[in-house]
Every structure is written in structure tokens, then in C-alpha cells.
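Notes to accompany the following structure.
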Amino acid sequence: MTDVQVPESHASEPLEERKLHLGWALVLISMAQLMVVLDASIANIALPFIGDDLNIAQANLTWIVTGYALAFGGLLLLGGRLGDLYGRRRIFMTGLIIFAVASFIGGLAQNEAMLLASRGLQGLGAALASPAALALITTTFPAGPARNRAFAVYAAMSGAGAAVGLILGGWLTGLDPILGLEGWRWTFLINVPIGLIAAFLAPRFLNESESHPGWLDVPGAITGTLGLLGLVYGFSRAGEEAHGWGDTWTIASLAAGVVLLAVFGFIESRVKHPLLPVRVFANRTRATSFLVMALVPAAMFAMFYFLSLFIQLVVGYSPLRTGFAFLPFSVGIVIGAGLSSNLVNRVNPRYIAGIGTLMAAAALVGFSLLDVPTSTEALMAVTADNPLGGDVNYWASIFPYIMLMSVGMGMVFVPLTLTAVHHLRAEDSGIGSGVLNTMQQVGGALGLAILGTVSLHYAEGTKTDLFGELVANGLTPEQAGRAAFVGSFTEGATAAFLVGAVLIALGSAAIWAFLNVKHEELATDGPEGGVHVG
């Protein structure tokens, strides 16, 4: 093991001052990452209120969420490369300022076009800030325990962001108007001071990375960005009940995405300064990390989606209470991340991440066992005030699996984030971080599309049979429709959970088979070559 090297800018600082400096650096990076991640979910609960206030059609409300995801996922590679070329702190600050300005515009939006434009601009800011934030950890923190702890906090913010977003969104949306502004507007405006303060303090606590000579690969940036946009949009559309895999625009978008990414690959193999150097994938450990970090979020994002709907529509929780039902997830992922950040100094990443994925898969199997009575007598008693799942015990049937999955996720995210960016060349750290974030975004969209299709397949057949039976027993079509939905949704959701468990199990198999890097190597710095990394 080599001696830990302190970044040059910190070498002359007294120990206590250096620790304080690194502590504030971690606070800034964590704040930025949490803000970026939670914004993907914070507006979900507010959608009906936004629709009413801005007169947005129900069919267009999904674009408030999808627009952000498209811009974020599509521009991540470009954001990561810009950090490599022009300095990661500079791009990090630029992304935060853009995000804050976009949030201000969104919070004061007067119409649909203004709000949707602000969400796209937020996605651009996030795509610049997020890969730069991850790369700045390697610039600011020395290899070894300090960097491992920083990655643990980063991973915890990434994993807990969705749950925090649901809670914060529910609370802010329910507030009475403040300064004449409705509660939903504060789900956007809350980002403004956070983003601006973090950008202002960044030069004080974050080291600037070296700028690396090279030209921005414009053809690669265009084809890569449009290709990712096509895939993310196609997968998102495929996961919507109104469209599905057979929809013309779904097929066209996915086909265009694949063609553009093929062109992107051809361009990257020919240009002198590629947007995405092939060498980033050449290392087996790194490639495995990228693959697993696509499969795991595919199941995790879908878990949030189906479980939040089950808790609201079947169990009958209010939106805010639903948000708090996910609070243990935030606690569990912090526990898992803290545990793995300590273990990774002594235990090989394969064992930590491998056990974490098995825990997460077991949790999804547990969710697949959720059950409500589907007899005709039980369904006929369903009303808005008497949901079918009212007798589902949260503490016995939901809480244990939320904790099991969240601790498992913390044990996966920390070691795989480390192995995904470890021993990258200095000029590739930003794009490596961009690839990691891209895999999570594309994997999440793909997972939701696949599991949404599975859920719809199982639910539709059950719903048709139940509806006919309930009408025959004297319920009105409206009553029968609600009761049949509640009964069939559970069957569809539990099938989706089971398929999600299979996806994570595949990721676990890849970890056990191919993730060979040793824990001693994670405490070393510098590009691969002199150190064997598997």
C-alpha cells in the first residue's frame, strides 16, 4: 500500500484546519448532490396542485417530471467532459448557478411553457453539477479513509434523495401561501438559496482540478446527447400506461436513440479528443461497476414508484404520510453507507456490494409478498374512505423491507462508486463520473419501463375479471372500477417487485463474478497501470 498523499493545496495547513476545510468541502458537495437528486421526486406530490394553478392538462403533467429527467440524463456525458476540459470546480459552480436560476423561474412560473422550460434548464444545471461533484471528491480528498467517507456521504445523498424529496414535497405542498406564493412553488424556490450559497462558497473549500488540453468533441456531444435523450424518452414513454412499448413514438424514439448512439460510437473511435474515451470501459472492474449501477437503480426507482402508489391508493395514506413512510429509507441508507465506508478499508468491495445486492433482492422479494383480500365480498366493501389495504400493517409488512433494502443500497453504492472512478486518468475523472450518473439515469428509466410493463400485464387481466364480477353483483360501474383497480394493482405491483428482485440478483451475480479489485488498492492514487486493478 502506498502512503496517503495529501492534496498539495492542503499540505501546509495545520491538521485541524485541514479537517475543517475537508468537512466544509463535503458539506457543499453533499448539499449539491442532494438538491440535484431530490428534485427528481420533490415535484411528484405537487403535480395536481400545479395542474390546477397553471391550467395544465393531465396528460402534460408528466412532462414536469420527464422534462427534468430527459435533460439531466441526456446531458450528463457532456457535463462530465466539460469538467475535464475546463475545470471541475468551475463547471460545478456554473451548474449550481444555472440550477438556482432555473428553480427561481420555475417557482414564479405563470404558465405551462415557462414551467417546463425551467425544468429543462434545471436538468442542464444538474447535468453539469453532478458529475463535477463526484469528480471533485477525488480532487479534494486524499485516497484512503477520508475519501471513502466522502464517497459514503455522497452515496447516501444519492440514495436518500428520492425519499427526502417525497417528504419535503409533501410538506411544502401542504403549506398555506407564503409571501403570496402557493406551497407547490416553494418546492422549486427552496433550491435558490441552497444553490447560490454552495456556488459562492465553492472557491473557498473546493480545489480546482487541472484543465486538460483538448477540443470539445462537438459531433460526439450532439450524437451522444441526442442518443441518450432518445433512449430516456423512449423508456419513459414505454413505462406509461397510455403508451407502452407498441406506441409509434416509443418505437421511433428508441430506434433513433440506438442509431444515434451507434453513430456516436463510430465518431468516438475516430476523433483525437473523444467525448467518451473507450479506455474508460477497458478496465473490467470499472465496466462491472457501471453495469451494476444501471441494474440496481432500475429496481430501486421502480420500488419507489410502485410502493408509493400502493401505500397511497391501496393502504390509503395521505401524500405527506406516504412521504414519511419512506423516511426509514433515508435512515437505512445512511447506516449502510456508513457501515460500508468503514468496511471498505478492510474488506474487498466484492463482498460488501455482493452482500448488499443480496439484501436488496431479498427486500424486493418481501415486497412481492404484499397481499390484500381479493374476494368479491371484500372488494364490494371498498370505498374511498375504506381502502382494501386498510388492514395492511406498515410495521410488519413494509417497514422491515424498506430498512433491509436501504441498508443494502448503502452497502452497494459506496464500494461501486469507489470502484467506478478509481484509477481513472486525471483527464477522464469527469467523464467517468458522468458515465456513472448516466448509467443510473438510463437504468432507472429502463427499469421503470420494464417493471411498468410487467405490472400492467398482470393487473389488466385481473382487473377485467374483477370488474365484470363486481358489476354482476350489483355495484355501479364507478364503484366496481375503483374496487377492481385496488385489487388488480396489488397483483401487478407484486409481480413488478419480483422482477425487480431478479434484476438486482443479476447485478449481484456480476459483482461476485467480475469485481476483483482489492481493498488495499482503493487506498492508492494515480492512474491505473502500475497497480493491478483486476
Side-chain angles (χ1 to χ4, degrees), residues 22-42 68-69 71-73 75-76 79-80 83 88-89 91-100 102-103 122-141 147-168 190-199 201-202 205-206 209 293 296-297 300-301 329-330 333-334 336-338 340-341 406 409-410 412-414 416-418 420-421 429-430 432-441 444:
L22 293 178
W24 277 109
L26 184 55
V27 168
L28 289 181
I29 292 173
S30 301
M31 283 171 55
Q33 182 62 13
L34 179 63
M35 183 177 67
V36 164
V37 174
L38 70 81
D39 223 67
S41 62
I42 193 171
Y68 178 78
F72 186 23
L75 296 169
L76 275 166
R88 293 172 199 122
R89 188 180 68 189
I91 297 301
F92 177 72
M93 293 168 60
T94 301
L96 289 178
I97 293 170
I98 291 174
F99 196 93
S103 298
Q122 277 186 314
L124 168 61
L128 295 175
S130 191
L134 180 56
L136 279 168
I137 291 179
T138 59
T139 304
T140 306
F141 294 85
R147 186 177 296 173
N148 294 346
R149 285 193 295 271
F151 274 126
V153 175
Y154 177 91
M157 294 301 102
S158 300
V164 174
L166 289 173
I167 297 168
L168 193 58
I190 195 174
N191 295 320
V192 178
I194 297 174
L196 293 180
I197 290 171
L201 293 177
F205 297 109
L206 297 177
S209 62
M293 288 296 267
V296 169
M300 188 183 78
F301 289 178
F329 190 93
S330 302
I333 204 164
V334 169
S340 57
S341 71
S406 59
M409 289 294 93
V412 172
F413 285 160
V414 173
L416 290 188
T417 302
L418 278 164
V421 300
S429 293
S433 303
V435 172
L436 181 63
N437 281 281
T438 299
M439 298 304 264
Q440 291 175 326
Q441 290 297 311

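- Taken to the nearest 0.5 Å, the CG atom of L38 stands 10.5 Å off from the CD1 atom of I167.
- No donor-acceptor pair under 3.5 Å is formed between the side chain of T140 and the backbone N or O of I137.
- Taking every heavy atom of both residues into account, S429 and T138 meet most closely at OG-OG1, 4.4 Å.
- Formation of a donor-acceptor pair under 3.5 Å by the R88 side chain with backbone atoms of L136 is not found in this model.
- The two residues L436 and A420 come nearest to each other via the heavy atoms CD1-CB, 3.9 Å.
- Considering all non-hydrogen atoms of both residues, F141 and L22 come closest at CZ-O, 3.4 Å.
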Which side-chain N or O atoms in residues 122-134 pair as donor and acceptor under 3.5 Å with protein atoms at least two apart or in another chain?
| residue | atom | partner | partner atom | Å |
| --- | --- | --- | --- | --- |
| Q122 | OE1 | R119 | NH1 | 2.9 |
| Q122 | NE2 | D39 | OD2 | 3.1 |
| Q122 | NE2 | S103 | OG | 2.8 |
| S130 | OG | Q33 | OE1 | 3.0 |
| S130 | OG | N437 | OD1 | 3.2 |

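- Across I91 and G79, no two heavy atoms sit closer than the pair CG2-O, 4.1 Å.
- Rounded to the nearest 0.5 Å, atoms OG (S406) and CE (M300) are 10.5 Å apart.
- In this structure, the side chain of S340 engages the main chain of G410 through a donor-acceptor pair within 3.5 Å.
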Please tabulate, one pair per line, all N/O donor-acceptor pairs under 3.5 Å involving side-chain atoms of residues 148-157, not counting sequence neighbours.
| residue | atom | partner | partner atom | Å |
| --- | --- | --- | --- | --- |
| N148 | ND2 | G144 | O | 3.4 |
| N148 | ND2 | N345 | OD1 | 2.5 |

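- Within the model, atoms CD1 of I97 and CG of L196 stand 7.0 Å from one another, a figure rounded to the nearest 0.5 Å.
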For this session: Begin with the C-alpha distance, continue with both residues' side-chain angles, and end with the deciding distance and a verdict on side chain to side chain contact (heavy atoms under 4.5 Å, CB included) for R89 and M93.
Result: CA-CA 6 Å; R89 188 180 68 189; M93 293 168 60; 4.1 Å; yes

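- Residues L34 and G161 come closest through the heavy atom pair CD1-CA, 3.8 Å.
- Ring geometry for Y68 versus F99: interplanar angle over 60°, hence perpendicular rather than tilted (30 to 60°).
- Between L28 and A198, the shortest heavy-atom distance links the atoms CD2-CA, 3.8 Å.
- Here the side chains of T417 and M293 are in contact, with some heavy-atom distance below 4.5 Å.
- Interatomic distance, CD1 of I29 versus CH2 of W24, reported as 13.5 Å (0.5 Å rounding).
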